[in-house]
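All chains are named by letter (A, B, ...) in the order of the sequence lines, taking the proteins before the strands, and each is independently numbered beginning at 1.
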Amino acid sequence: NAGVTQTPKFQVLKTGQSMTLQCAQDMNHEYMSWYRQDPGMGLRLIHYSVGAGITDQGEVPNGYNVSRSTTEDFPLRLLSAAPSQTSVYFCASSDRAGPTTDTQYFGPGTRLTVL
Amino acid sequence: KNQVEQSPQSLIILEGKNCTLQCNYTVSPFSNLRWYKQDTGRGPVSLTIMTFSENTKSNGRYTATLDADTKQSSLHITASQLSDSASYICVVSADTNAGKSTFGDGTTLTVKP
């Protein structure tokens with residue numbers, strides 16, 4: 001299994017541009033999440049999904065959209081990039097097997113810079 | 001408000017020494033507590049996961065403890081290695097839904113030769 005994959009690894013945008021960060025998992029996990037990690041800070045939840053067709057907002061959803069048309073894919077869209085969105089973005093997935101196995105598997109991250 | 005506080009913020013130890021990282025939380029209702037290791041430039045990787053009924057869990061040289069009464073957890077690293085240099089993140093879930101996890105800011109561990 002490839003696990004959780006993210007593309008691109010690095011991206012530079014100009015203020016106002018839009019783009020989509022891709023995330024895919026091949027473990028048939030129902031739960032998928034997007035986080036951002038700023039220097040010296042913990043991961044903050046942007047959006048999450050508990051299954052195909054179902055998404056919900058996390059802690060910092062403004063400026064981002066998501067959709068979940070398939071179990072495997074969970075893209076994150078930046079509508080109009082702002083310098084405050086400069087961060088490292090992580091996608092994660094987890095199974096719904098119960099509290100003792102609620103381990104999240106993280107992708108390698110996308111480092112985004114908005115100029 | 002659910003919170004997870006980790007201490008110390010950073011730690012430097014010599015190779016071969018032991019260390020203990022702390023995690024205090026106010027998340028309720030409690031489902032599980034996880035420790036992750038995050039190498040620089042990489043995504044977090046799970047080390048241990050504990051539910052309410054578990055008070056200790058080991059993964060090689062890593063041993064996590066949980067006191068659900070005082071809402072405290074610790075991660076003990078034995079015989080540290082240079083490869084243990086990383087950020088260690090404590091995550092507490094109030095539900096099996098991944099959207100209801102609270103992340104600590106992490107402890108940055110540096111192991112020096």
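By the criterion of side-chain heavy atoms lying less than 4.5 angstrom apart, applied directly or through intervening Ile, Leu, Val, Met, Phe, Trp or Tyr residues, B/Leu47 is not grouped with A/Val4; the two fall into different hydrophobic clusters. The hydrophobic clustering, which links ILVMFWY residues whose side-chain heavy atoms are closer than 4.5 Å, places B/Leu11 and B/Leu82 together. Each of A/Leu13 and A/Leu79 belongs to its own hydrophobic cluster when Ile, Leu, Val, Met, Phe, Trp and Tyr are linked at side-chain heavy-atom distances under 4.5 angstrom. In the hydrophobic clustering of this structure, B/Leu75 groups with B/Ile13; members are Ile, Leu, Val, Met, Phe, Trp, Tyr whose side-chain heavy atoms approach within less than 4.5 Å, directly or through other members. By the criterion of side-chain heavy atoms lying less than 4.5 angstrom apart, applied directly or through intervening Ile, Leu, Val, Met, Phe, Trp or Tyr residues, B/Met50 is grouped together with B/Tyr62 in one hydrophobic cluster.
Considering only heavy-atom pairs separated by less than 4.5 Å from chain B, the leading option among A/Arg44, A/Arg111, A/Gln37, A/Gln6 is A/Gln37.
With rounding to the nearest 0.5 angstrom, the OG atom of B/Ser101 is 10.5 Å from the OH atom of A/Tyr31. With rounding to the nearest 0.5 Å, the separation of OG in B/Ser46 from CZ in A/Phe106 is 9.5 Å.
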For residues 53-65 of chain A, run the donor-acceptor check on the side chains, cut-off 3.5 Å, and write out each pair with its distance to 0.1 Å, sequence neighbours left out.
| from | atom 1 | to | atom 2 | distance (Å) |
| --- | --- | --- | --- | --- |
| A/Asp56 | OD2 | A/Tyr48 | OH | 3.4 |
| A/Tyr64 | OH | A/Arg36 | NH1 | 3.0 |
| A/Tyr64 | OH | A/Tyr89 | OH | 2.7 |

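The stretch residues 16-25 of chain B participates, sequence neighbours left out, in no salt bridge (charged side-chain N to carboxylate O under 4.0 Å, His left out) pair at all. Residues in residues 66-86 of chain A take part in no salt bridge (charged side-chain N to carboxylate O under 4.0 Å, His left out) pair, two or more places apart or across chains.
For a heavy-atom cut-off of 4.5 Å, chain A lies close to B/Tyr36, B/Gln38, B/Gly41, B/Arg42, B/Gly43, B/Pro44 in residues 36-44 of chain B.
Side chain of B/Asp105 to main chain of A/Gly42: a donor-acceptor pair is present (N/O by atom type, distance under 3.5 Å, no hydrogens or angles).
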